[in-house]
Amino acid sequence: PVAFVTNFYDINRGDWNHWQRTSDTYMECFRVLARVRVPLIVYIHDTHYERARDICAEERSGSGSGSGSGTGSAYPPLTLVPYNEAFLKEHIRSWSYLETEAGIMSTEQYREWTRARSTCPETHNPKYNCINHAKIDFVRHAMQHGGFVTDDTQYPYPYYGWVDFGYLKPDEVGRTFPPN
């Protein structure tokens with residue numbers, strides 16, 4: 001089977017003027033993701049770990065309100081991996097470019113080049129860029145650590161894929177993954 005890897009690191013998008021998305025929005029999307037019947041490895045900012053754990057318990061116990069929650073066969077493994085900025089610095093290579101990104105973004109030349117897109121987060125928020133570029137780093141980390149769900153030392157799943165933490169919206173009930 002395929003194991004999906006995802007990540008949520010709170011970069012305070014709820015405080016942005018444009019492209020605003022609160023942590024509550026992300027957590028409501030995670031409710032839908034928690035019901036997907038594929039193995040999930042979820043890297044979660046430690047400040048949101050308890051809430052994510054509670055969502056998993058609710059959605060996978062049959063008490064969740066969403067379509068298909070708790071019905072049918074047992075859910076495959078879902079592993080929550082709490083982390084913080086120290087973890088990012090030690091294990092996520094893309095995060096090592098944070099200062100470089102900030103330095104580039106502070107130059108007049110860069111601001112001139114991106115003036116037409118100045119409200120887009122990738123033109124002014126180095127954390128946004130680094131966490132988005134870190135997707136492959138999280139997949140690699142999950143693979144190297146045995147998927148966190150078996151006694152195998154490495155690669156317990158034949159395939160790993162990425163799914164964005166906020167991809168499955170609660171108001172888009174019809175958008176689901178194929179059963180096979």
Side-chain angles (χ1 to χ4, degrees), residues 2-34 36 38 40-53 55 78-148 154-155 157 159-172 175 177:
V2 173
F4 282 131
V5 179
T6 193
N7 161 57
F8 177 66
Y9 188 68
D10 193 352
I11 56 173
N12 299 313
R13 282 186 64 166
D15 297 336
W16 296 2
N17 291 330
H18 299 281
W19 311 98
Q20 189 177 47
R21 223 171 166 193
T22 67
S23 59
D24 289 339
T25 302
Y26 279 100
M27 289 299 168
E28 288 308 305
C29 292
F30 180 59
R31 283 190 178 283
V32 180
L33 184 59
V36 172
V38 297
L40 291 169
I41 301 165
V42 180
Y43 289 85
I44 186 81
H45 193 171
D46 58 6
T47 60
H48 296 281
Y49 174 78
E50 299 293 330
R51 187 171 180 192
R53 189 191 67 208
I55 288 170
L78 185 154
T79 304
L80 291 174
V81 183
Y83 74 95
N84 54 29
E85 191 150 351
F87 175 92
L88 290 171
K89 289 176 181 176
E90 184 176 343
H91 298 285
I92 304 300
R93 182 171 180 174
S94 298
W95 202 255
S96 71
Y97 297 108
L98 188 60
E99 289 181 29
T100 302
E101 289 264 353
I104 292 168
M105 289 178 176
S106 69
T107 67
E108 184 58 41
Q109 183 179 25
Y110 177 84
R111 286 194 300 271
E112 180 60 34
W113 285 345
T114 60
R115 190 168 317 283
R117 300 184 68 233
S118 63
T119 62
C120 300
E122 63 271 13
T123 65
H124 62 82
N125 191 310
K127 285 187 175 183
Y128 177 85
N129 284 349
C130 289
I131 206 66
N132 275 298
H133 294 171
K135 294 172 184 180
I136 192 64
D137 295 330
F138 282 106
V139 170
R140 182 174 179 262
H141 188 270
M143 290 173 66
Q144 290 178 330
H145 291 84
F148 299 100
Q154 206 169 27
Y155 311 121
Y157 299 106
Y159 303 102
Y160 289 79
W162 180 265
V163 62
D164 281 346
F165 192 85
Y167 178 67
L168 297 172
K169 315 285 186 296
D171 57 343
E172 297 173 349
R175 186 162 74 184
F177 288 108

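These numbers come from a predicted model, not from an experiment.
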Measure the [atom1]-[atom2] distance between [X] and [Y] for me, rounded to the nearest 0.5 Å.
X      : Y      : atom1 : atom2 : result
Ser23  : Arg51  : OG    : CZ    : 6.0 Å
Ile41  : Met143 : CD1   : CE    : 10.0 Å
Lys135 : Ile92  : NZ    : CD1   : 13.5 Å
His124 : Thr119 : NE2   : OG1   : 7.0 Å
Glu122 : Asn132 : CD    : CG    : 8.5 Å
Tyr97  : Cys130 : OH    : SG    : 9.5 Å

Name all residues meeting the side chain to side chain contact (heavy atoms under 4.5 Å, CB included) criterion together with Ile104; count only those two or more places apart in sequence or in a different chain, and write none if there are none.
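Checked Ile104 against side chain to side chain contact (heavy atoms under 4.5 Å, CB included); matches are Thr100, Tyr110.
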All side chain to side chain contact (heavy atoms under 4.5 Å, CB included) counterparts of Glu108, not counting sequence neighbours:
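Only Arg111, Arg115 meet the side chain to side chain contact (heavy atoms under 4.5 Å, CB included) criterion with Glu108.
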Checking Phe165 now: which residues fulfil ring pair (Phe, Tyr, Trp, His ring centres under 6.0 Å) with it, not counting sequence neighbours?
Phe8, Phe30
Using the test ring pair (Phe, Tyr, Trp, His ring centres under 6.0 Å), find all partners of Tyr128 that sit at least two apart in sequence or belong to another chain.
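With sequence neighbours excluded, Tyr128 shows a ring pair (Phe, Tyr, Trp, His ring centres under 6.0 Å) to Trp16, given in chain and number order.
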For [X], side chain to side chain donor-acceptor pair (under 3.5 Å) partners two or more places apart:
X      : answer
His91  : none
Trp162 : Asp164
Glu50  : Arg53
Thr22  : Thr25

Salt bridge (charged side-chain N to carboxylate O under 4.0 Å, His left out) pairs, two or more places apart, involving residues 95-106
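Matches after skipping sequence neighbours: none remain.
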Minimum heavy-atom distance [X]-[Y], with the two atoms named:
X      : Y      : value
Val2   : Gly161 : CG1-N, 4.2 Å
Ala142 : Val5   : CB-CG2, 3.9 Å
Ala34  : Leu40  : CA-CD1, 4.4 Å

Of all residues at least two apart in sequence or in a different chain, which pass the salt bridge (Lys or Arg N to Asp or Glu O under 4.0 Å) check with Arg93?
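Partners of Arg93 by the salt bridge (Lys or Arg N to Asp or Glu O under 4.0 Å) criterion come out as none, since no residue qualifies.
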Test item: Tyr9 side-chain N/O and Lys127 main-chain N/O as donor-acceptor pair under 3.5 Å
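Flag not set: sc Tyr9 to bb Lys127 has no pair under 3.5 Å.
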Test of ring centre spacing under 6.0 Å for His141 and Phe87
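Under 6.0 Å, so yes.
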Please report the C-alpha distance between Asp46 and Asn84 in whole Å, then the side-chain angles of each, then the deciding distance to 0.1 Å, and finally whether the side-chain contact (heavy atoms from CB on, under 4.5 Å) criterion is met.
CA-CA 6 Å; Asp46 58 6; Asn84 54 29; 3.3 Å; yes
For Arg117, I'd like to know if atom CZ has over 12 heavy atoms of other residues, nucleotides or ligands within 6.0 Å.
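Atom CZ in Arg117 is not packed in, count stays at 12 or less.
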Under 3.5 Å, is there a donor-acceptor pair between the Tyr83 and Asn7 side chains?
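Yes - a donor-acceptor pair under 3.5 Å links their side chains.
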Could you walk me through whether Ile131 and Leu88 satisfy the side-chain contact (heavy atoms from CB on, under 4.5 Å) test, starting with their C-alpha distance in whole Å, then the side-chain angles of each, then the deciding distance to 0.1 Å, before giving a yes or no?
CA-CA 9 Å; Ile131 206 66; Leu88 290 171; 4.1 Å; yes
